[in-house]
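Below is one structure; the comments refer to it alone.
Worth saying up front: this structure is predicted, and the values here are computed from it rather than measured.
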Amino acid sequence: MPHAFELADYVAGFAASPLAPWAASLPWELPPQAPEIVRRLLAGLPAGEYAIDGEVAVHRSATVEPGAVLKGPLILGAGCFVAAGAYLRGGNWVDARCSIGPGVELKSSFVFAGTALAHFNFVGDSVVGAGVNMEAGSIVCNHRNERADKQVFVRSNDGGALLGTGCEKFGALIGDGVRIGANAVIAPGALLLPGSVVGRASLLDQEVPDDSR
């Protein structure tokens, strides 16, 4: 049954991707399952197209520089680039033609085609759409360590009431084509509509009712 947080409203290609079996999920339901989901996808990869070492599958057209740390389960798609010093852990699915720059940490996330995490970014427990660009130093936080109640809440983009996710770790659902400026901070539970722009050196916390979207 459709719900207020449809993944396809944010990531147009979701239903046509290998993640289609999870298209009806709520966004925050995916990251906790990331290792299991990626393991399922690993089992169905086209024979011969990927170099597979244990639970790490790298497309033969991808480039991984020496010094990058790739921890499984992980699928790295065609034409991707991973720079020295990048750190991928906790179960990640990275679609084609993505760029993971130096000093980037990606944890338990799903990243769609053509997205660039420039350098010195952290993205945790998130779903990131196609063609997203994160400038240097911008981060997506995944945990509310500032309060006793660690549950992450989300707010609909019409400014509705907060909804508890039942999760203590959820970063963001970032729609296609979003632009996030250098040194911006995205607080846990953000839902960024396609084409949104987050200014440089800004804080986006959607738990705050009047926060700029």
Side-chain angles (χ1 to χ4, degrees), residues 18-19 27-28 30-42 45 50-145 150 152 167-174 178-190 192 198 204:
L19 297 173
W28 49 90
L30 293 178
Q33 302 179 71
E36 292 74 21
I37 290 172
V38 177
R39 287 186 182 109
R40 283 182 57 180
L41 297 178
L42 280 165
L45 290 178
Y50 289 79
I52 301 176
D53 182 3
E55 291 189 320
V56 174
V58 177
H59 196 277
R60 296 188 185 279
S61 65
T63 299
V64 179
E65 291 187 337
V69 177
L70 307 182
K71 291 188 174 183
L74 168 67
I75 297 174
L76 192 65
C80 285
F81 171 77
V82 180
Y87 183 35
L88 282 67
R89 66 180 178 92
N92 292 291
W93 176 83
V94 183
D95 205 356
R97 305 181 310 284
C98 291
S99 178
I100 311 294
V104 170
E105 181 178 354
L106 183 67
K107 185 254 178 182
S108 302
S109 293
F110 304 88
V111 183
F112 281 78
T115 282
L117 311 182
H119 30 274
F120 306 110
N121 310 112
F122 172 75
V123 177
D125 300 273
S126 295
V127 179
V128 183
V132 171
N133 184 274
M134 293 183 65
E135 291 184 343
S138 55
I139 63 174
V140 178
C141 304
N142 62 343
H143 183 59
R144 291 278 182 180
N145 71 348
K150 306 299 185 187
V152 175
C167 299
E168 291 192 356
K169 288 196 174 181
F170 171 59
L173 170 58
I174 300 176
V178 168
R179 298 290 183 265
I180 300 174
N183 294 322
V185 176
I186 310 299
L192 298 180
V198 179
L204 177 68

* Side-chain touch I100/C80, heavy atoms, less than 4.5 angstrom -> no
* To do: Please list all pairs passing the salt bridge (Lys or Arg N to Asp or Glu O under 4.0 Å) test where one or both residues lie in residues 77-87, with sequence neighbours left out.
  => none
* **Nearest-0.5 Å distance, CG of residue L74 to CD1 of residue I52** => 11.0 Å
* So which heavy atom on G181 is nearest to which on E135, and how close? -> CA-OE1, 3.4 Å
* Atom CZ of R40 with >12 non-hydrogen neighbours under 6.0 angstrom -> no
* Would you give the length of the straight line joining atom NZ of K169 to atom NE2 of H143, rounded to the nearest 0.5 angstrom? => 6.0 Å
* **Side chains of I37 and W93 in contact at under 4.5 Å (non-hydrogen atoms)** => no
* Asked: Hey, are the side chains of V111 and V123 touching, using non-hydrogen atoms and a 4.5 Å cut-off?
  -> no
* To do: Measure from the side-chain N and O atoms of S99 to the backbone N and O of A116, and report whether any donor-acceptor pair falls under 3.5 Å.
  => no
* **Closest contact, heavy atoms only, V198 versus A184** => CG1-CB, 3.9 Å
* Where is the tightest heavy-atom contact between P66 and A84, given as atom of each residue plus distance? -> O-CB, 3.2 Å
* Structure fact -> Separation between CZ (R39) and CD1 (I75), nearest 0.5 Å, reads 11.5 Å
* Asked: Quick one: side chain to side chain donor-acceptor pair (under 3.5 Å) partners of N92, sequence neighbours excluded?
  -> none
* SG/C141 to CG/D125 distance, rounded to the nearest 0.5 angstrom? -> 11.5 Å
* **Distance in Å, I186 CD1 paired with I180 CD1, rounded so as to fall on 0.5 Å steps** => 4.5 Å
* Structure fact -> Sorted by chain and residue number, the ring-ring contact (aromatic ring centres under 6.0 Å, His included) partners of Y50 (sequence neighbours excluded) come out as H59
* Is a salt bridge present between E105 and R89, judged by a nitrogen-to-oxygen distance below 4.0 Å? -> yes
* Any chance the side chains of K107 and Y87 put a donor and an acceptor closer than 3.5 Å? -> no
* Asked: What is the minimum heavy-atom distance between F112 and C98, and which atoms define it?
  -> O-SG, 3.1 Å
* V152 and W28, any side-chain heavy atoms less than 4.5 Å apart -> no
* 4.5 Å side-chain heavy-atom contact, M134 and V140 -> yes
* Asked: Is the backbone N or O of R179 less than 3.5 Å from a side-chain atom of N133, with the two atoms forming a donor-acceptor pair by type?
  -> no
* Under the 3.5 angstrom rule, does the side chain of T115 hit a backbone N or O of G129 as a donor-acceptor pair? -> yes
* Within-4.5 Å side-chain heavy-atom neighbours: L19 and V127 -> no
* Considering all heavy atoms, the nearest G90-A34 contact -> O-CB, 4.2 Å
* Derivation of the side-chain contact (heavy atoms from CB on, under 4.5 Å) call for L70 and D53 -> CA-CA 10 Å; L70 307 182; D53 182 3; over 6 Å; no
* Should L204 and L192 be marked as a side-chain contact (heavy atoms from CB on, under 4.5 Å) after you check the CA-CA gap, both sets of side-chain angles, and the distance that decides it? -> CA-CA 10 Å; L204 177 68; L192 298 180; 3.1 Å; yes
* Asked: Which pair of heavy atoms, one from V38 and one from G91, lies closest together, and at what distance?
  -> CG2-C, 4.2 Å
* How many angstroms lie between atom CG of N142 and atom SG of C167, to the nearest 0.5 angstrom? -> 11.0 Å
